[in-house]
Structures are given as structure tokens and as C-alpha cells.
J.: 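Have a look at the structure that comes next, please.
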Amino acid sequence: MKLSKMHIHTLREAPTEAEIPSHIYLLRAGMIRKLVSGVYGYMPFGYRVIRKIEEIVRQEMDAKGGQEILMSAIQPAELWQESGRWYAYGPEMWRLKDRNERDFCLGPTHEEIFTDIIRSEVTSHRQLPMNLYQIQTKYRDEQRPRFGLMRSREFIMKDAYSFDKDKEGLDKSYWEMYDAYEKIFTRCGLEYRAVEADTGAIGGSDSHEFTAISEVGESEVAYCDSCDLAATTERAECVGDEPSVEPELALEEVHTPNTKTIDDLVKFLTIHKKKTMKALLFQAYKDETNFEYVVAFIRGDRELNVVKLVNALNIPEHALVFANEIEMNKVTGAVGGFTGPIGLQNCKILLDAELKDAKNLVAGANKADYHVKNINHGRDFTADLILDLKLIKEGDKCPKCGAPVRIARGIEVGQVFKLGTKYSEAMKAVYKDENMKDQVMEMGCYGIGVSRTMAAIVEQYHDENGIIWPVAVAPYHAIVSVVNVKDEGQMKLGTEIYEELKSVGIEALLDDRDERAGVKFKDADLMGIPVRITVGKGAVSGMVEYKLRKEADKVDMTAKDAVHAAVGFIDGEMFDK
RNA sequence: CGGGGUGUAGCGCAGCUUGGUAGCGCAACUGGUUUGGGACCAGUGGGCCGCGGGUUCAAAUCCUGCCACCCCGACCA
């Protein structure tokens, strides 16, 4: 394409709303455009990148026998009620009504829809396994959309669903998708980790998350340099410290005014945080109206892992809310800031495993301004449930090998789930086996955030001048920048090179805009075109300048050599992987 | 949902304290001079100053309600 004929709109300055590189550069390069908070449109260059990513996804999905379809974004509530997720999905679901007051939602994911198709169209074991996928716009009414494409309310997602006869089949489908995902993200040029993950609102048993390494990512992964541990921090087991060996001392109530926080308390009593237990009070809703009070006790220096808590309670995450302390006090006797395990009533007590055998702890006395010293589980109170409730942190013992764990941040670009029979059972997706008996299908689902992947690539590939697209996803491979378009010799040579590149299958641009060279260079850098061939004064003797976006070197060579160099570089980058 | 901040031309901002007919830079348009890293000169167009209510002779400016957007936290594939 000739740039003079294209709609490009680059910005010299970064819009104030953008904070992170991917957001800033995608806006500045004119690749995306915000409509409202968390809702973006894709302009010509940006959409080309999206299509490049989609094409990689398609090729790898098709290679595994996936079949592409396209379902509606609008979904009827009935299917969600059938699976039980109309309530469970919570406020993130974008709900709407038609003129007859019938409930619908904009699909945040499509398990129900795909299950519905399969149950009505697949009846025989001969039709299985099956893998269907789509690339489509998804809607999640995020509480806090953030960072441009990173967390948006409308986004492009590839979602695939596998249907198998049995667990063995599911396992095979799952690892094939895992393999496809590795190929996809590798081809996109991403540095990523595949880590064990929680299954969240989707449900199911096993899950892996594909996390692109990035400081600005919202996902945290725990990994170990000594073994193969790799899991999201939500998922990672935290084994905690060994209990100290010491005699159990007698309970002692102490006056501790103004010590509502652990920090205040340890200062007041001059003890270590590891000797304290902190209480977190919640209401756990079983449905819209019915709830029970829950208190989680963890060591004073620990952070609660909410995912572990809701999994233990078997409720969706939005059904767990911090308790109103005044209300709770009436029912359980708990006092905010002074809650302890002794004397608590009418509430479920969950105890972090680390505290099970810990000796002589300090906790609230359920009485304002008082704490109790030397509390020992078993002797002084009994928990309803003892389990791992804490968030793993840098330096904690690796649950697999005991070495200190490391924590890294990243962007979740994909996730694979073994759903098992969660949906097929609820929605009666069955097939007839060889003996004419009904069997419930085993399902898996597999998502890739296409638009988020685009942002993740920019996070990993940029410099102070803009984006540096890997060739595989670049909107165009090469740009021929004619320095002075009024110079006939330059224009002629530039056009020849441009035509030559196109004729050998390279996606080329001709910057024939009547602009100064600096403008063209800045734009080419900002938009991240991998190869630039500059046609300037040297054109009279057939010489041009060849430059790669990712390298600083500029090399003068003949036009013919530049074309060869470009072809060689682009082929190498595309097929090296 | 809690805390903080911001809404003035397409983008970035000043003006608001102390009310008096709307300003700068970039971008755009016209003409000219330029032409290898975001040129220069001259000229031009472009604003319900987020929206509503109030105070006042007079409101971008003061008061008030609402809305939107951003950041931190909470929360979330």
C-alpha cells in the first residue's frame, strides 16, 4: 500500500489516559481507538496485527483438528440458568433484556452455547472426539477496566471446546491444545510460561495458564529454580513454616488498647508477627439471600489467598463479601480488630494449616481492646476446617522441593481447562456408546485473549521510539521510505523496490507522502515495521539504506541487495520458529 | 465498591485563587521557502470551557447535583 492513500493517524504525544507502553504506543501509532472505558476499536494497522494473530491461532487450531465456527455474542439466560452460572457468574456478566423482558447476556464465554450445540447434534460415540472453536468478541463488565487492551470490557477471544468420550480422550485433547498454545505463543514471539492455574468461574479440574512475562502484568506466578514448579500464586500450595517446639503456656488475657492492626499489636506486645493470628471475617452467600458467617485465621504476617478460601467453601468468588462487623458481632461475638478463635459462635472457623500446631499464639479476645496470649489449637479451640489458606510469597518454601520459590509477574494470554463433566452433566450432553448406553461427554475449554496478546507483544517488543513488531505479527513486513517524493529518480527507484518486494510476497509499504524524512522515520519506528529501506540521495547511483527496526545499524547497499536482504530476513524470522 | 485526581479545539495543556466576551504548543487547511530523524515564514478554520441547577448586571472561573475518564486499593480469564 502507498502510505499517501492510507488512513494513518499517529500522535506525537501520549494521551494522558495511557500509562503503560502497550497502551501508549498502540494509541500513538493510531492502531487502536477508545470508544468508552474498556472498549476499543481497531484501526487499519492495528486490525492487520489482530488478523495476523488470529491467522496463527487458526493454523495451529486447524492443525489439531479444530473446526472454526462463529456463534452469536448474545446469549439467552435460560442456558446459563441450566448450567447454574446465571447466578454464579456474578456482576461481571453484561446482562440485558429484550422488549418482552426476557433475559439475555452478552457472552463472557461460551461453554453453555457450545454444549447446547453438541448435545443436540452429536449423539453417537462415532462422532467423538470433536473440537470446535471460534474467534469472537467477548464481553465482561469489569469492575475496573485497565491499561487499554490489557483488561477491557469488550475484547477478542479465541475460545475452543473439546468433547470426548472419556477421561482418557479428554486428557489427549487437553495436551494437544496445550501443545498448540505453545506453538501459537512461540510464533507470536512471546516469552511466556505455562503454569498450573486455578479454574475460577469456568470450573473443572486441571488448568494451565499461559503467562507472557511482563512487569506490568496482573498475573503472578510462582516458580522454582530447583524443580519444575510453575503455578499461579492463586493456585500454588503454600506449605508454611514448621511449628516451633515449645511447651504450651496458660491462656492469658491482656489489655491491648488501640491495637486493631497486627502492626500495632506486635509493637505493643513486642512480639514477632509469626506469633500472631489474624482473623478475616466474611459472609459466604449460598445464593442471593442466604449466607453463613465465616472466619478465616491465618498467621499475622500472611496474606489470605481468596481463591483457596472460596474453593474450600465451594462458592463463586463474588459470593464472598467482607462481613459487616457490627452485624457479625451480634451473631458470632467477633469484634473487628479484636477477633479471636475462643468463644466464637455461629460461624464457620477456617484455620490455615500453618497454625494447626503452632504454639502460644496471640489473637483477639472478641472483646474491644483485649487480646489473648498463648492460644493453642486443639487445646483452646477447634477449627471446622484446617487447610492451606495463605498466599505464597517470594522466598517461601517450594511445595515440591523445599527450595525458596520465586515470584514473577505476567500477562495471562491464554488458559486451558479440563472441564470434565461439569457442563455436560448439568446440561445433559450425552452420547450413545457401542452398547447403546448413554454416556456423559468429557469436556475441555481453551481460551486465548487475541487482543490482549497483541498488547502483550507490544509490552515485550518496544523501545523509546515505539513498537518493534516481530515479523510474524507485523502489520506490514517492510516499508520503502522515499526521502524526497518530488525527486523523480528517488520515486522511481522507491516504486521499483516496492513493486519488487510485493512480487515476491512481502507485505510492503511505500511511504510516498510529501513529508520530511524525519516524519517518515518517526512514523515507521512508532508503527514498528520490521524492515525499512530508505531511498534518498544515493538513488542516482542505485544505492539505498537498509535498516532493521530492532537494530540500530544502517547499511548502504544497492537496491537489489536491499531487496534480497529484506526477503532473507523476513523469511528467516517467519520460518525459523 | 472505597480513596485520590482530572474534564477547556483532534492531541497535550494554561486560564479558575482574585468573575468582565477563550488562550498556547502540536495537528488540520492555504500560499511560499525547505527536504536524511517529528522544518520555517505568513495566513485560515475549528470551542454548548463534561451536563443540569443556583448566585450575579455578568460564570470556564463561585456554590450545588449529576455524568464521564484516569490512578491506587479491593476484585477479576
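Throughout, a chain's letter reflects where its sequence line sits, starting with A, and its residues are numbered from 1.
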J.: When you compare B/G53 with B/U21, how far apart are their P atoms, in angstrom units rounded to a whole number?
T.: 23 Å
J.: Is B/C1 paired to anything, Watson-Crick or G-U wobble with both distances less than 3.5 Å, and if yes, which nucleotide?
T.: B/G73
J.: Please check the phosphate of B/C11 (OP1 and OP2 only) for any side-chain N or O of A/R12 closer than 4.0 Å.
T.: no
J.: Is A/A14 touching bases, backbone alone, or none of the nucleic acid, heavy atoms closer than 4.0 Å?
T.: sugar-phosphate
J.: Heavy atoms under 4.0 Å, any strand shown: does A/G449 hit a base, just sugar-phosphate, or nothing?
T.: base
J.: With a 4.0 Å cut-off on heavy atoms, is A/K138 in touch with a base, just the backbone sugar-phosphate, or nothing at all?
T.: nothing
J.: Taking B/U56 as the reference, what is the distance to B/U61 when you measure between their P atoms (whole Å, please)?
T.: 16 Å
J.: Could you measure between the two P atoms, the one in B/C48 and the one in B/G4, and give it in whole Å?
T.: 31 Å
J.: Parallel, tilted or perpendicular for A/F291 and A/Y285, by the 30°/60° rule?
T.: tilted
J.: In whole angstrom, what separates A/H23's NE2 from B/C69's C1'?
T.: 11 Å
J.: Using the side-chain contact (heavy atoms from CB on, under 4.5 Å) rule, pick out the option among A/T211, A/I213, A/T186 that qualifies with A/E191.
T.: A/I213
J.: At under 4.0 Å between heavy atoms, what does A/R144 touch on the DNA or RNA strands: base, sugar-phosphate, or nothing?
T.: base
J.: Can you tell me how far C1' in B/G25 sits from the matching atom in B/C72, rounded to whole Å?
T.: 31 Å
J.: Output the rounded distance in Å from CG (A/L27) to C1' (B/C11).
T.: 11 Å
J.: Return the orientation label for the A/W80 and A/Y89 ring planes: parallel under 30°, perpendicular over 60°, tilted otherwise.
T.: perpendicular
J.: Given atom CD1 of A/I8 and atom P of B/A27, what is their separation to the nearest angstrom?
T.: 14 Å
J.: Can you tell me the Watson-Crick or wobble partner of B/G19, both distances under 3.5 angstrom?
T.: none
J.: Taking atom P in both B/C1 and B/A60, what distance in whole Å separates the two?
T.: 33 Å
J.: Does B/U35 have a Watson-Crick or wobble partner in any strand here, with both distances under 3.5 angstrom, and which is it?
T.: none
J.: Taking atom C1' in both B/A74 and B/G37, what distance in whole Å separates the two?
T.: 46 Å
J.: Describe the nucleic acid contact of A/G447 in one word from base, sugar-phosphate, nothing, applying a heavy-atom distance below 4.0 Å.
T.: nothing
J.: Quickly work out the A/R513 CZ to B/G38 P distance and round it to whole Å.
T.: 14 Å
J.: For the side chain of A/T10, starting at C-beta, report the closest nucleotide among B/G12, B/G38, B/U35.
T.: B/G38
J.: Searching all strands shown, indicate the nucleotide that pairs with B/G45 (Watson-Crick or G-U wobble; both distances under 3.5 Å).
T.: none
J.: Would A/R33 pass as a cation-pi partner of A/Y40, given that its NZ or CZ must be under 6.0 Å from the six-membered ring centre and within 45 degrees of the axis?
T.: no
J.: Could you tell me which nucleotide pairs with B/A68 by Watson-Crick or G-U wobble geometry, both distances under 3.5 Å, or answer none if nothing does?
T.: B/U6
J.: Is the A/Y423 to A/F114 ring centre distance short of 6.0 Å?
T.: no
J.: Report yes if at least one side-chain N or O of A/R28 is closer than 4.0 Å to OP1 or OP2 of B/C11; otherwise report no.
T.: no
J.: Using a 4.0 Å heavy-atom cut-off, does A/R33 contact any base of the nucleic acid, only the sugar-phosphate backbone, or nothing at all?
T.: nothing
J.: For the pair A/Y446 and A/Y174, name the ring-plane relationship: parallel under 30°, tilted 30 to 60°, perpendicular over 60°.
T.: tilted
J.: Using a 4.0 Å heavy-atom cut-off, does A/E209 contact any base of the nucleic acid, only the sugar-phosphate backbone, or nothing at all?
T.: nothing
J.: Regarding B/G25, can its base be found pairing with the side chain of A/E13 as donor and acceptor, where the two atoms are less than 3.5 Å apart?
T.: yes
J.: Within the structure shown, what part of the strands sits under 4.0 Å from A/T16 by heavy-atom distance: base, sugar-phosphate, or nothing?
T.: sugar-phosphate
J.: Compare the minimum distances between each of B/G38, B/C69, B/G36 and the side chain of A/S37, then state the nucleotide with the smallest one.
T.: B/C69
J.: On a whole-Å scale, what distance lies between the P atoms belonging to B/U18 and B/G12?
T.: 29 Å
J.: Among the nucleotides B/C69, B/G37, B/C75, which one has an atom lying closest to any side-chain atom of A/R153?
T.: B/C69
J.: Indicate the ring-plane relationship of A/Y25 and A/H462, choosing parallel, tilted or perpendicular according to the 30° and 60° boundaries.
T.: tilted
J.: Taking only the side-chain heavy atoms of A/V519 (C-beta and beyond), determine which of B/A39, B/U34, B/C70 contains the nearest atom.
T.: B/A39
J.: Tell me, with the steps shown, if A/N131 and A/K64 meet side-chain contact (heavy atoms from CB on, under 4.5 Å).
T.: CA-CA 9 Å; A/N131 185 317; A/K64 297 294 187 187; 5.8 Å; no
J.: Specify the separation, in whole Å, of atom CD of A/E303 and atom C1' of B/G73.
T.: 12 Å
J.: How far, in whole Å, is B/C11 from B/C57 if one measures between their C1' atoms?
T.: 38 Å
J.: What's the verdict on side-chain contact (heavy atoms from CB on, under 4.5 Å) for A/V36 and A/R153, showing C-alpha distance, side-chain angles and the deciding distance?
T.: CA-CA 10 Å; A/V36 293; A/R153 298 193 291 173; 3.9 Å; yes
J.: Classify A/E92 by what it touches in the nucleic acid, base, sugar-phosphate, or nothing, heavy-atom distance under 4.0 Å.
T.: sugar-phosphate
J.: Can you tell me the distance, in whole Å, between the CD atom of A/E515 and the C1' atom of B/G37?
T.: 13 Å
J.: According to the Watson-Crick and G-U wobble definitions, with both distances under 3.5 Å, which nucleotide is paired to B/C11?
T.: B/G25
J.: Identify the heavy atoms of A/A284 and A/I315 that sit nearest to each other, and give their distance.
T.: CB-CD1, 3.8 Å
J.: Taking the minimum atom-to-atom distance to the side chain of A/K486, which one of B/U35, B/G36, B/G37 wins?
T.: B/U35
J.: Hey, does the side chain of A/R146 come within less than 4.0 Å of B/C75's phosphate (OP1/OP2), counting only N and O?
T.: no
J.: Please confirm whether the shortest side-chain N or O distance from A/K520 to OP1 or OP2 of B/G38 is below 4.0 Å.
T.: no
J.: Considering just the side-chain nitrogens and oxygens of A/R516, establish if one lies under 4.0 Å of OP1 or OP2 belonging to B/G38.
T.: no
J.: What integer distance in Å separates A/D523:CG from B/G38:P?
T.: 12 Å
J.: What is the nucleic acid contact for A/E17, judged by heavy atoms within less than 4.0 Å: base, sugar-phosphate only, or nothing?
T.: sugar-phosphate
J.: Rounded off to whole Å, could you give me the CG-to-C1' distance for the A/L281 and B/A74 pair?
T.: 16 Å
J.: Please classify the nucleic acid contact of A/D525 as base, sugar-phosphate, or nothing, using heavy-atom distances under 4.0 Å.
T.: base
J.: 5'-most contact on RNA chain B: A/K554 or A/G148, nearest heavy atom basis?
T.: A/K554
J.: Which base, if any, makes a Watson-Crick or G-U wobble pair with B/A58, both distances under 3.5 Å?
T.: none
J.: With RNA chain B as reference, determine whether A/F147 or A/V310 sits nearer its 5' end, using the nearest nucleotide of each.
T.: A/F147
